[in-house]
Amino acid sequence: MAADGGFTVPETTIADIHAAYRAGTLTARALVEAYLDRIEAYDRNGPAINSIISVNPAAREEADRLDAAFEKDGPVGPLHGIPVIMKDQADVDGMPTTMGSILFRDHYPGRDCFIAARLKEAGAIVLAKSTLGEMGAGDTHGSLFGSTRNVYDLSRTAGGSSGGSGAAVSANLAAVAIGQEGFASIRRPAAWNGAVGMRPTAGLVSRGGVYAGWPMINGSLGPMCRTVADAARLMDVMVGYDPADPITARGFGRAPHSYADGLGADALKGARIGILREPMGFGSEPGSEDFAKVDAVFGRAVEELASCGAEIVDPVVIPDLAELLATRVNDRAEEDASFLEYVSGTAAPPFASRDEAMASPLFAETFRGVRTRWAANADAEARRACLAARERLMTRFLATMADHRLDAIVHKAVEHQPTVIEDGVNPPFVDQKGAPYLNTFLIFVPSIVVPAGFTSDGLPAGITFLGRGYDDARTIRYAYAYERATRHRKPPESAP
């Protein structure tokens with residue numbers, strides 16, 4: 001599909017779009033129309049990817065406003081006229097925030113979350129809201145929409161919980177997308193849909209006006225894009241202090257002038273990269289054929305890193321990694337408080353508390369993952385053990401990097417191929433299989449996934465660059481250099 005003036009929409013970047021605006025061969029209105037046509041053709045119909053919950057009714061009007069502003073004074077900001085898809089747990093004024101759940105089916109919060117406001121101020125157009133693991137839990141299945149399909153194999157899951165954003169951006173249903181990660185919710189769908197996904201160091205990006213935010217601290221919003229450069233451009237707009245999300249005080253003054261400036265193809269030359277091979281994915285089966293297929297891709301990626309000029313330290317071992325990760329538990333009281341924080345700031349929330357939501361007859365209709373997660377209630381001793389293990393693991397992680405003089409650690413983005421949807425919604429209820437969660441256990445570290453090729457089954461796999469806290473710019477530079485050298489991304493045939 002092409003927009004006015006012959007502009008080709010698939011695989012376009014922010015830089016491509018802005019060049020076309022300047023050349024007068026593209027308007028924001030034409031671009032919005034082209035993406036809406038693709039949503040109709042490939043998401044609603046055709047392969048029925050099912051990654052979009054709602055379309056912004058004001059998107060065309062906003063595009064017209066931006067076109068008029070551009071003609072008069074030029075771009076209004078660094079994301080002028082860039083259509084964005086937002087995960088449907090972040091509030092956008094004039095649109096519902098459903099969390100993919102029948103519980104929030106008619107919920108209109110009547111506000112912009114902090115990030116939506118920042119994006120709009122930069123000139124972006126929120127085009128649509130994407131599907132997610134219901135209430136932010138697990139792979140992308142929900143009582144409100146069903147299941148989202150993987151764009152490379154429609155019988156498989158898109159991952160989750162930001163599966164809609166991952167599938168939509170890979171299928172070229174918008175220029176870029178936003179996800180949210182508290183476990184592996186950005187990185188898994190990014191890897192499984194052949195896209196770039198970043199979960200920044202906690203405290204850089206506000207969760208104000210987003211479900212599953214403060215006082216929980218493990219979750220963070222992040223970019224999901226087809227290129228690392230576009231992810232960096234989104235980071236330049238998204239990062240900032242927000243009093244409504246106190247965790248951002250930790251990131252105050254920790255961001256560079258720009259994440260996008262200074263990206264270079266030679267960033268990996270001389271960089272010391274540690275290779276973490278120990279299996280650590282959720283529910284991983286290291287002896288399985290499926291694990292071996294992903295492992296083969298990872299082995300080639302390590303060779304490619306060396307070809308980029310990196311000094312490879314292979315393997316590196318973090319002492320007691322598996323044992324410390326196994327202590328992870330949910331904090332029921334903290335999750336209840338986070339629910340209250342979210343609904344208290346919205347207009348006419350359907351429930352005042354999680355207890356009230358669970359008492360509703362609708363709760364029985366929610367996806368199994370929601371009921372399982374909300375019923376979990378670790379005791380005080382288990383929570384203390386988790387916090388102590390987190391501190392020990394952070395020290396051991398940093399000591400490993402110091403001992404080997406590492407600039408970053410690289411590990412598999414996901415240790416298994418995407419799960420078949422039928423196995424996720426029926427017994428054995430496979431969910432989040434193979435997802436490493438080291439970064440969201442440590443919380444205060446950056447992690448970015450970049451495509452690393454395809455398995456023998458033709459399914460995408462990725463690698464993760466993991467860095468020291470607030471060293472996000474460096475991890476982005478390394479991911480960019482690897483991406484430029486390998487160019488593994490291939491658009492899916494399901495959405496030509």
Side-chain angles (χ1 to χ4, degrees), residues 1-3 7-14 16-17 31-56 59 82-88 100 125-133 139-142 145-179 185-197 223-228 230-231 234 417-419 421 449-451 454 458-462 488-496:
M1 294 180 182
F7 181 83
T8 302
V9 171
E11 300 301 284
T12 192
T13 65
I14 292 172
D16 294 335
I17 292 168
L31 185 60
V32 164
E33 293 284 6
Y35 281 129
L36 291 175
D37 287 346
R38 289 185 65 83
I39 290 172
E40 188 65 25
Y42 302 126
D43 203 68
R44 308 292 196 214
N45 297 290
I49 296 165
N50 193 27
S51 66
I52 301 299
I53 287 183
S54 61
V55 169
N56 186 354
I82 301 300
V84 178
I85 286 174
M86 183 79 77
K87 184 181 182 182
D88 198 17
I125 302 167
V126 179
L127 183 70
K129 303 284 286 293
S130 59
T131 56
L132 65 159
D139 289 334
T140 303
H141 314 291
F145 63 89
S147 296
T148 297
R149 302 175 188 271
N150 186 289
V151 294
Y152 291 91
D153 182 343
L154 299 172
S155 71
R156 296 176 184 260
T157 177
S161 62
S162 304
S165 291
V169 78
S170 187
N172 286 279
L173 305 186
V176 293
I178 305 295
S185 303
I186 289 174
R187 295 170 298 108
R188 183 169 73 261
W192 279 355
N193 289 278
V196 172
M224 302 183 74
C225 306
R226 293 180 294 273
T227 69
V228 175
D230 280 356
L234 278 182
Q417 298 183 119
T419 304
I421 289 174
V449 161
V450 64
F454 293 80
L459 296 167
H488 283 303
R489 158 113 182 129
K490 294 180 181 178
E493 294 180 2
S494 62

(request) Write down the atom of F145, the atom of I53, and the distance for their closest heavy-atom approach. (result) CD2-CD1, 4.2 Å
(request) Provide the closest heavy-atom pair for Y152 versus R489 in the form atom of the first, atom of the second, distance. (result) OH-NH1, 3.3 Å
(request) Please determine which of T12, T13, V196 meets the side-chain contact (heavy atoms from CB on, under 4.5 Å) test together with R226. (result) T12
(request) Just jot down the ring pair (Phe, Tyr, Trp, His ring centres under 6.0 Å) partners of Y35, sequence neighbours excluded, or say none. (result) none
(request) Could you tell me whether the side chain of T140 and the main chain of G159 form a donor-acceptor pair under 3.5 Å? (result) yes
(message) For A167 versus N193, what's the shortest heavy-atom pair and its separation?
(response) CA-OD1, 3.7 Å
(request) Let me know which of P47, P460, S170 forms a side-chain contact (heavy atoms from CB on, under 4.5 Å) with P492. (result) S170
(request) Measure across A158 and G163 and return the closest heavy-atom pair with its distance rounded to 0.1 Å. (result) CB-O, 3.7 Å
(request) Give a yes or no on whether the backbone of S185 and the side-chain of S161 come within a donor-acceptor separation of less than 3.5 Å. (result) no
(request) Please report the shortest heavy-atom distance between I421 and T157, naming the atom on each side. (result) CG1-N, 3.5 Å
(message) How close do I39 and L127 get, counting heavy atoms only, and between which atoms?
(response) CD1-CD2, 4.1 Å
(request) Measure the CG-CZ distance between D139 and R188 for me, rounded to the nearest 0.5 Å. (result) 4.5 Å
(request) Kindly determine whether K87 and S165 satisfy side chain to side chain donor-acceptor pair (under 3.5 Å), including the steps that lead there. (result) CA-CA 6 Å; K87 184 181 182 182; S165 291; over 6 Å; no
